[in-house]
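One structure is given below, encoded as structure tokens.
Numbered from 1 within each chain, the chains take letters A, B, ... in sequence-line order.
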Amino acid sequence: MIADIISAALIAIGAILVLLSAIGLLKLPDIYMRMSATTKSATLGVGSILLGTAIVFWDIGIMSRGLIIISFLFLTAPVAAHMIGRAAYINKVPLWENSIVDELNKNVEDNEHVKQ
Amino acid sequence: MIIMLAILVGVLYAAGIYMLLRRSIVKILLGLLFLGHAANLLIFTVGKLTKGKPAFVPEGGELVEPFADPLPQALILTAIVIGFGVQAFAIVLFKRAYQTVNSDDIDKLNSTDSLERG
Amino acid sequence: MYSVILKTATKYLTPLMLLFAFFLLLRGHNEPGGGFVGGLVAAAAYALMVISYGVKTARKELKYAPLSFIILGLSIALISGIPALLVSETYFTGLWTEMKFPVIGKLGTPLIFDIGVFFLVIGITTKIIFTLAEEDQE
Amino acid sequence: MLIAVLSGIIIAALTPLIFRVMKEKASLLLSLVPVFLFAWYLSYYNRVANGEIIKEVSEWIPAMGINLTFSMDGLSLLFALIITGIGSVVFFYAAAYLKHDKYITRFYVYILFFMASMLGVVTSDNIFGLFVFWELTSLSSYLLIGYYFDKESSRKSALQALLVTGTGGLALLAGLILLYIITGTTEISEMLAVTGISSHELYTGAVILVLIGAFTKSAQFPFHFWLPNAMAAPSPVSAYLHSATMVKAGVFLLARLNPVLGGTEFWQNTLLIFGGTTMVIAAFLALKQTDLKKLLAYSTVSVLGTLTFMIGLGTETALKGMVIYLLAHSLFKASLFLIAGSIDHETGTRNVSQLSGLKSFMPFTAFVAIFAALSKMGFFPFYGFIGKETLYDAVLKSGSNEILLFSAVFIGGAVSGFVAITAGIKPFIGRTIETPKSPHEAPLLMYAGPIVLASAGFIFGLLPESFTGNIVEKTASAIAGTNIEYTIKLWHGFNLVFLLSVVTLVVAYLLYRFRTKFTNISIASGVGDFIKPSMLYDKSLSMMISLARGQTRLLQNGYMRYYIVLIVSTALGLTGYVLFTSVDMSVIDISFDITFSEVVILLVMIAASITAIKAKRRLSAIASLGVVGYGVAIIFIMYGAPDLALTQFSIETLTVILFVLAIYRLPKYLPFSNTTLRFRDFIIAAASGVMMTMIVLLVTSEEMVSQLKSFFAENSLPLAKGKNVVNVILVDFRALDTMGEITVLAIAAIGVYALIKLRMEGRK
Amino acid sequence: MITDMVITYFAMPVLAISFALIFIRIARGPGLEDRVVGLDVLTSVGIAFFAVYSVFTKNSTFLDVGIILGLVSFLGTVAFSYYLERRGR
Amino acid sequence: MKTLLANIVLGFTWMLLNSDLSYQNFLEGFFVGYLILWVAKGTFSSNRYFTKIPKLIGFVFFFLYELILANFKVAYDIITPTNLMRPGVVAIPLDAKTDLEITLLANLITLTPGTLSMDVSPDKKVIYVHSMYIENVEEFRKEIKTGLERKLLEVMR
Amino acid sequence: MDLLLLLPVLLPFAGGIVLLILKNHQKSQLYGNAVVSLFSLIVAVGLFSAIYDKGIYSVQLGGWEAPFGITFVADLLGSVMVLITAIIGFTTSIYSLASVDDERVKYGYYPLIQFLLMGINGAFLTGDIFNLYVWFEVMLISSFVLLSLGGTREQLEGAIKYVTLNLLSSAFFLAAIGIIYGLAGTLNMADLAVKFSAIENEGMVTVVAMLLFIAFGIKSAVFPLFFWLPASYHTPPAAVSAIFAGLLTKVGVYALFRVFTLLFTSNTEYTHTILLFVAGFTMLSGVLGAAAQNDFRRILSFHIISQIGYMIMGLALYSPLAIAGGIFYIIHHIIVKTNLFFISGYVNKIKGSYELKKVGGLYKVYPWLGFLFLIPAMSLAGIPPLSGFWAKFTVAKAGLELESFMIVGVSLLVGLLTLFSMTKIWNEAFWTDSPKDAPEDVKPGVFTKISMLTPVIILVVITITIGLYAEPFFNFSVRAADQLLNSGEYINTVLGGGS
Ligand code: NA
Ligand code: NA
């Protein structure tokens, strides 16, 4: 019963987090913010849901699978976000007009690591 | 649900054919991808859908109805893979073609069957 | 493409991907997976290397030419049907060992066939990706 | 008889070898072939003359009723003797005529081949056997007319002859098949016994088709135009094929089938009308010719008309007359052609107006020419005289429309006389005119043969009954299908017919005397211009080519969209028709049983499809398509297909990688089409979509129980040792599919590699 | 069971709505970068959906698909950024 | 030694994947892992895994806390119309030296909602971080350096 | 015997693999390919004679009884197709020795040829509709690669249309298979024949028939679905053109023959009437297309289409004689058409062009080449007693027996126009002199001569043999047609005798 409640809560929270990132993706004004806000909420949301799932099944195999997915996600999501963010910056996708500082800009010219 | 899937299949076919009728080489490629999805989904839909239960024989037991018909799945899998191979080749072929003519316009590729140049 | 982050991530991801690929291959007969998806995941590891380290490194890491994998895969698939002929059954008739092996479980010609598929898929995917990337990265 | 036919073909095949071994002498050796064959056929003379019909059967394709059945009766023997007899003369003649020609080997190959085929035509009893040889004569004629292939006119004439006779050949084929269907047999001898042919519903069709075949071959109006053009061939060819033998194949066929198809008004009248028209029109056309060979050619056409006409007349006398005239014509016309060749060979010109007084230079030739001309004119006591007298006799006794029919024959006769004077006598008498080459006598081989032919015309005339009586009788009998008994006489007394013969000669002389005025007034050219079927040939050829170009521009226009529109429309039409006419649509189940999330996913997929279509940038389109792909995978999951979803995801990703690697650095992605076009495409696409939706609904509304499903479920684990049934199907139940599948992948990889690395543009 | 109810009446619809919202971003763009981000997040939604669905059907097989999805979609995103970067230079 | 460790990790992963925590299964996984490490040897064999397990656990909890906190911040911003955002890109000098350290740091920064590692300078001396809430640039720099980076390096070294 | 039935697929597969291994050994590839082709020929002869003597034979792959596994079936039609494929494969392998450049060999020409043959043979032998799809794809992808191998602009342009339209065809095929399974719950063709005859909603079966007609129609290049063919067949090297011209479209025709005699036999009034119209327009538009061309291979390409029309006519008329005629036509056509493409390649070798305007004077210098050309050309035009005549004769006779005068008329007219095209080639390439500015002839060396002319001579001999000894071929066609029309034997063999 308690397990049931916990899993239900985890799944519900996860779903809400995912929904939040979806809203954020739509609402936030520039790509960088959309990314820094959403990729992670989603990851966390998925994590939460997976945890809930694991609890429902309460089976070592399934739990371990859930764990593997979570670690995969935590491993890959930030790298992916970094890649897109960098690409966006190189493609001169502008920062939101109210951004207060851009210390990468002055360095972007000497960041010519176009090695390959 | 079947009626929705049927409509979706129709939309995918329509999209595929519409894209095949474009002049841009890449759009034609996309049309082929659409047709691939459409055909796969069609087989899947007409192969008698069964919700939820995949065709895995449980440990020490027997597979009891209702379960999804594995055969259409196997067919689609084969078709997807074959489709992938063919598409991979097509993508590169189209790339080479526009490299050669330096245009994305399929209408520029008719020297082999127009009478005037032949 | 130069990115420390991607490179480092790739370094740790690829062994995991390969492991997962084996996992998918070997259990495919009983659970979702199989030679095809396994091969694709393995190839995906090398695709990742192509993007983060370049084709040269990826080729070196693959150790053998993609074509060898293709040939190996096709040959295994072809040969896996032959044992049946030796016991005068129709080509492709599955033959199974009674004994259970570690790692794989019961061994049978259909499994060998699936291994052929696995290698072939690695071969063709890397061949295609390497070729395209080489043209692109030149 | 098979051997006789085949020997020609076999020797033809060996000819290049013979020439290689024997060099120039080969032509003489080969010329002995027709001589031997003539002798061989002659050895049958007595048996045939006694009324025997000799049959010989070699099975060929009995299942189709096609055999090499040969039969020899009077008609066959007469033709065989003409073919080999004149063949002998022509072969020897050519040995001298083409002595220094580079391609003489090919000449003998073709002409031997032709001779053999021709013998096949006249001795076959099987209609399809006959047809095979018939077509081979057309083919060899094509190669022979094009003998001087360097000249465009030769090539054109060859093609014309081939297409005209080819058209006829195809009609004939259809006609013969109909005849086969009507009679149930392929043997002419057996058809004779079949009754009720003329009342069969296919009779008229069969007759028309057979007649087209015969008329094209025998240059009957309106197909006559190819024959004068065929004079582009070397003179021996003209003499042999286009006067003595091949062009008579049509007449032969009419004669051969007369007892089978004849006897009806339709048959007789058609032959009369076409034969008569040909006879008269060709006569008029002959009047204006100045080229020796063309002159003779039109005259030949006229004679062919006459022969057809006589079969159409169909009385005993007419048939006899036809046979005699045919034989006579073969003898004198061949001679005249050969002489025309000699004149051309020695003087360098064939223009009649430039030829005069050659007798002093070419005495032997002159002698032969005059002999042949006299026969052609129907001069007493030549064989031609008998021929013409019998014709007149037959026409006058025909019983209806005598005046009309006679006028036609008379015109033919008079012009024939005119041609004989112009071609056979005029060049040799009178004063000498300068010619391109200084003339001297032709070599012996070139006049010896004609002498034989001309003398035959003379001797046959003197002793018609003893030399030709039997064969003429048996031939006429074969044509009539009943036994005809008859004695040929040279002299019938001073009767109306003789009087008319004399008048004919007088008119012929007058035509010759006033020929220049005649050509100026030019009734002939008036008639000629008015009726010019050759224009029709040219027109239809050019029309065919412009039609061809037009349809190619229309259909194969190079625009792939257009191809796809046609293909998809065809599919829509064919399938839609069935759907709306013979499928019960009421079975469709339109109940909605769907959850909120399913609706959302499906709607998003549809929306993503639309975005992919409307995307302004390629990768945006690919991203949208990715959503569709994910959606498909989710559907796979929802309906219990995890393996499919796995595969779908992996492939989706790989496709993205391929796209990204491949379409980097593309030229701009531009919207090309206008609104109308997009609307058209939308309609076609939407219609296809609707159709597929309907099909899916119809199929899913059917109850289907698959034994396969339960079989796989039950046997997967116990027999194939696997719990994942889908995987078991892939690697065991249907492993062969997978083997094919991986082969496809391997080939695709090889292909990608080759496409990228191998670029041979601009290299040889 | 509470979990089942939460899944049926809350989690699945919410995930579906998220799916739709993310799609709107993918469709609207404006840049390819935004679409790629969208696809990336969509993957997460997909994994979540499979997890929920496996609870819903009491069948853990679907979780495995999530593993692949997580792994492979990463590659897709990287490939897209690879393209974007090269385009940007 | 490091390779052996990696091999053990792989063997463990295998066990989890197979949902079978038996001794035999670990051996299988170890074997497969060995094969893979052999296949991947060369560029990918210098591993540095979890040497300090307790520190690691502490760090994980610290990070999870940060994560959840930040999530609330962002969530609040997303659902309310009020705009608290002061975004920008900040360059942060790195103490982290090895690729692994840098990568882990960058990933952790990215994983924290509101911040995003955008790039690392070619000389690996500076990391550029985008953040949604920068009250003060220097403050932000310090926050990262003393918080996440230091704690991470403690675990790693 | 079981193995004999599978070897036509396994042998080229194994051969392809071996040739891939020999990738870097030019010479061993050349001869390896020839050896594999020779073995295939021997196998094909063995299979054919076995089927000819003993009747239909089937093998259940993997030992799974029909309709659960995949069945391979050889009947007379299937086995003769395999035999002809082997002949063409063998002659092409000889022809390729001298005519295919080293670079193409280096990039996999020979393995591709073997894989192509594998796909073709698979299509002829399989008794399973989905497996047929797989073989079609094997064949297609090999042909895609072979067509574009070399990557010249012309090749690429042709390949794009070829690929796109053929993939469209595959999409139709796949949809049809899905529907078939949805309707009947089986994929085995013999089983389908049984199930289809029991289906109540007959209209849906006809719908499937139409979809398959479109799919196979595109592959067999019938009107109005043929566009990919004239756009592409003249672009690759002659050896590739030749093998395509002979075999590929005929696989489509074979499939049409198979399904329209085995599966879709209940609504012939609709289906076969459509086939008849298609046949007529195919003949006409193909031959007219040829008449508009001035290039050796383009003319030949369009003629493939018009000749396909005759085969479809045989199927459409649907009498035993008509189908026999169609089969005879297929046999004859493959031999003759391949040969004409071989010859075009040799002419190109000498003259450096396929364009008739740039080619000429061959008759003067190469009379024997003229002879070698005339035999297949005249056979194609239906001049007796060559093979084409008997084929046309049989079809025409069948048409006249059924009183389908229109179609017979069209077929005869088309014969005439074919003659026109063949004489055009003869006239312009052989009789007419070379244009003044033409480059000097390349005198082929002895090896080239042997390699490129031996196949031509072999095929000429076969053409003459079929012409002069038509009886056995005709009887065979009748027997094969009989087997197709009385599908009971086929069904019983596959499903295990239960009558
Ligand atoms: Na796909
Ligand atoms: Na020319």
What part of [X] gets within 4.5 angstrom of chain G, counting heavy atoms only: side chain, backbone, both, or neither?
| X | result |
| --- | --- |
| Ile82(B) | side chain |
| Phe94(B) | both |
| Phe44(B) | neither |
| Leu20(B) | side chain |

Next on the checklist: Once side chain to side chain donor-acceptor pair (under 3.5 Å) is applied, do any residues pair with Lys195(G), and if so which ones, sequence neighbours excluded?
Outcome noted: Gln707(D), Asp191(G)
With no hydrogens and no angle check, just 3.5 Å: does a side-chain donor-acceptor pair link [X] and [Y]?
| X | Y | result |
| --- | --- | --- |
| Ser170(G) | Glu137(G) | yes |
| Asp104(B) | Ser24(B) | yes |
| His303(G) | Ser421(G) | yes |

Checklist entry - Would you call the rings of Tyr162(G) and Phe144(G) parallel, tilted or perpendicular if under 30° counts as parallel and over 60° as perpendicular? => result perpendicular
Checklist entry - Taking the six-membered ring for Trp, are Phe173(G) and Tyr133(G) parallel (under 30°), tilted (30 to 60°) or perpendicular (over 60°)? => result perpendicular
Among [options], residue most engaged with chain G (heavy-atom pairs, under 4.5 Å):
| options | result |
| --- | --- |
| Pro72(B), Gly36(B), Ala38(B), Gly47(B) | Pro72(B) |
| Leu75(B), Leu42(B), Leu29(B) | Leu75(B) |
| Thr112(B), Ile43(B), Val46(B) | Thr112(B) |
| Asp69(B), Val9(B), Ile17(B), Ile28(B) | Asp69(B) |

Measure [X] against the heavy atoms of chain B and call it side chain, backbone, both or neither at under 4.5 Å.
| X | value |
| --- | --- |
| Ile141(G) | side chain |
| Leu140(G) | neither |
| Val145(G) | both |

Checklist entry - Who among Gly182(G), Ala231(G), Ala292(G) has the most heavy-atom pairs with chain B under 4.5 Å? => result Ala231(G)
Checklist outcome for this item: ring-ring contact (aromatic ring centres under 6.0 Å, His included) test vs Tyr233(G) passes for just one of Trp228(G), Phe227(G), Tyr354(G), namely Trp228(G)
Next on the checklist: Tell me the closest heavy-atom pair linking Arg104(G) and Leu149(G), and the distance in Å.
Outcome noted: NE-O, 2.7 Å
